[in-house]
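Here the structure is laid out as structure tokens; the discussion comes afterwards.
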Amino acid sequence: MSAETEQDWSVRERPPGSKPRVLVVGAGVAGMATGCYAQMSGMETRILERHVLPGGCCTAWARDGYVFDYCIEWLIGTAPGNNANQVWRELGALDGKTITNFDMFNKVTDETGRSVTFYNDPDRLERHLLEVSPADAALIRSFCRDLRRFVNIDLYPFLKPPPLQTARERLGTLRTVLPAFRLFWRTAATQMHTFADRFQDPLLRKAFRNIFFQDPENFPVLPYLFNMASAHNGNAGFPRGGSLGLARSIEERYTSLGGTITYRARVDRILIEDGRAVGVELRGGRRYYADHVVSACDGHTTVYGLLEGKYTSPRIDRLYDEMLNRPGILFPAVVSAFVGIDGDFDPGDAHSTTYLLTGEEGAKLPGALQNSLVVQLRSRYSDGFAPQGKSVIHCTYFSDFGYWRSLRTENRKEYWARKRQVADFVRDFLDRRYPGLGERIDLVDVASPATTKRYTGNFNGSILAWKAFSDADDLATKLVNKDRMRLPGLSGFSMAGQWVGMGGLIRAASTGRFVVQYLCEELGLRFNAWESDNDEAWHPGKFGHMPQLDKRLVR
């Protein structure tokens, strides 16, 4: 950006006749989506990002030639012909990329070595489950029958918020929803725990809870069916380049539209004049001014930090204060252990397996919330994650944020000791499962929930924010539809991101589209969006610079 343009953002009043200016706080997927749609709709935008990479939680980092992909396990919208895919095409997220689709969602192996594989194809799944437990035939056939119905439902409402939909658009949604209303209602009202407990086979009782790798708890059956059906249709695949590849592609799309991202720019507060947001102040005192400010970062930080809690309502306070501390509302934080392997590693097994641990084993995992460990063969997902002739494994488990926060703030030596304990457990576990593998491990790199909090600012290190179908879901829906992503008593300001529109990358991206549509209506501008025409093949060189998240390497 030229010095002249830089100076424009430091001036309170923009030149007459110039484009409306929009500042966006945060270069995560939601922030960059906001920037892309605002640029396409005739606004001038600038994104301010506290770190040196785009993507927020949708990121990766490097160690000794390995790329450790942190976020994406599957991405809704990878198949053409639906609204989710349209959003990704508009954002350039899939430009030049191949998609890896798996025929199964996850495999679950219990403490005795018995396994069940959750195939995405309902017919194959039914045959397999009946082999595992013929005594549960009625329940198995019921689940697979519902999965077949979801396979034929095309409902991806990510293009326009309901208040802005035309009567014809609402009618189209009703035509999709009404024939399956009873299916939606029944599967949304049935908790997976309740459903799983009906199985006679103890493996199936545990395994169904872990279809999504670990047990998210308090989740109904509906999202399991929806995501497995999407995967069966090729619409929940893994894009080449993974998490950072996705973020870099959206960054490239944004800058090609004329937008600017300023990295190492930590926003300390929103500037307010006469009840209107007029800009932001960075740490260090530098100020930028705009006609509108969009915060696409952590919701609690936005409301009670950047705005000092001055613009709230009972609904806002309940969502960003009460709900944050209520058990079971947030997705748990995660410990990640990335394992670099010397040589190829393809045991002919599933690409993703949840291993159910004994209580004794689970007690050896620091801060673990469940007795299970997820092992994913990330080299199968995409090329570019390991040097030539090497492989990457990603091991994860749900963990208590408070445990890691206390260690990192009060006893740094013990914090690193617990990370080494994770690394040692993973080394030993993999060597027992795959004899001889331990000798080929180059390195183990561990990221704790405290790392996630420090890197992204996300409350309690939660990657996915609110759980769907919770009380927070209803409040967030009202924030989008009734409050139009605004805060009471404050004009010129909006919020976007997963702390507004619920967790998941497509939902985060759609909030960027929604907030710009609301802004266009206010400013009298026409909302514009078109798909990227960049057909250059994606390659690992597009990862760009990847910093180390921690200074020490756990070997």
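Reckoned from all heavy atoms, side chains included, excluding hydrogens, waters and symmetry mates.
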Next on the checklist: With a sphere of 6.0 Å drawn around CZ of Arg507, does it hold more than 12 non-hydrogen atoms of other residues, nucleotides or ligands?
Outcome noted: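 At most 12 heavy atoms, drawn from other residues, nucleotides or ligands, come within 6.0 Å of this atom.
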
Would you call the rings of [X] and [Y] parallel, tilted or perpendicular, taking 30° and 60° as the class edges?
X	Y	answer
Phe219	Phe331	perpendicular
Trp466	Tyr320	tilted
Phe345	Tyr434	perpendicular
Phe425	Phe429	parallel
Phe118	Phe208	perpendicular

Going by atom types only, do [X] and [Y] share a side-chain donor-acceptor pair under 3.5 Å?
X	Y	result
Ser372	Gln214	yes
Glu90	Tyr37	yes
Asn460	Ser462	no
Tyr224	Thr187	no
Asn106	Thr354	yes

Item to check | Ring centre gap for Phe184 and Phe150 strictly below 6.0 Å | outcome: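 Yes, close enough.
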
Next on the checklist: For the aromatic rings, using the six-membered ring if either is Trp, is the centroid distance between Phe105 and Trp74 under 6.0 Å?
Outcome noted: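 Centroid distance Phe105-Trp74: below 6.0 Å, so yes.
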
Can you tell me how far [atom2] of [Y] sits from [atom1] of [X], rounded to the nearest 0.5 angstrom?
X	Y	atom1	atom2	result
Cys58	Tyr70	SG	OH	11.5 Å
Leu330	Met323	CG	CE	10.5 Å
Leu204	Leu139	CG	CG	9.0 Å

Checklist entry - So Glu251 and Arg248, salt bridge (Lys or Arg N to Asp or Glu O under 4.0 Å) or not? Walk me through it. => result CA-CA 5 Å; Glu251 177 194 41; Arg248 286 296 194 194; 3.1 Å; yes

Item to check | Leu365/Leu357 under side-chain contact (heavy atoms from CB on, under 4.5 Å): CA gap, chis, key distance, verdict | outcome: CA-CA 10 Å; Leu365 282 175; Leu357 309 176; 3.8 Å; yes

Checklist entry - side-chain contact (heavy atoms from CB on, under 4.5 Å) between Ser352 and Val374: does it pass, once the steps are laid out? => result CA-CA 7 Å; Ser352 175; Val374 182; 4.2 Å; yes

Next on the checklist: Taking Arg114 first and then Asp201, would you say they form a salt bridge - that is, a charged N and a carboxylate O separated by under 4.0 Å?
Outcome noted: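 A salt bridge is present here (some side-chain N lies under 4.0 Å from a carboxylate O).
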
Next on the checklist: Could you check whether Arg315 pairs with Asp483 (Lys NZ or Arg NE/NH1/NH2 to Asp/Glu carboxylate O, under 4.0 Å)?
Outcome noted: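 Salt bridge present between Arg315 and Asp483.
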
Next on the checklist: Show, in sequence, the C-alpha distance, side-chain angles and deciding distance for Arg432 and Asp428, and conclude whether the salt bridge (Lys or Arg N to Asp or Glu O under 4.0 Å) test is met.
Outcome noted: CA-CA 6 Å; Arg432 284 188 285 112; Asp428 179 69; 3.0 Å; yes

Checklist entry - Among Arg209, Arg205, Lys206, which residue meets the salt bridge (charged side-chain N to carboxylate O under 4.0 Å, His left out) test with Asp197? => result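 Of all the options given, the one that passes is Arg209.
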
Item to check | side-chain contact (heavy atoms from CB on, under 4.5 Å) between Met485 and Thr511, intermediate numbers included | outcome: CA-CA 9 Å; Met485 307 168 81; Thr511 64; 3.8 Å; yes

For [X] versus [Y], what's the shortest heavy-atom pair and its separation?
X	Y	value
Met32	Ala247	CE-O, 3.5 Å
Cys297	Trp499	O-CD1, 4.0 Å
Ile316	Pro488	CG1-CD, 4.3 Å
Gly362	Ala368	O-CB, 4.1 Å
Leu164	Glu169	O-OE1, 4.2 Å

Checklist entry - Under the side-chain contact (heavy atoms from CB on, under 4.5 Å) criterion, do Asp123 and Glu126 qualify, and how do the steps go? => result CA-CA 5 Å; Asp123 296 334; Glu126 183 174 307; 5.7 Å; no

Between [Y] and [X], is there a side-chain heavy-atom distance shorter than 4.5 Å?
X	Y	result
Asp69	Val392	no
Met228	Leu125	yes
Glu217	Lys467	yes
Cys71	Leu505	yes

Checklist entry - Does Arg378 make a cation-pi contact with Tyr381 (under 6.0 Å, within 45 degrees of the axis)? => result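 So Arg378 does make the cation-pi contact.
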
Checklist entry - If you draw the axis of the six-membered ring of Tyr518, does the NZ or CZ of Arg484 fall within 45° of it and under 6.0 Å from the ring centre? => result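 Checked: cation-pi criterion not met.
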
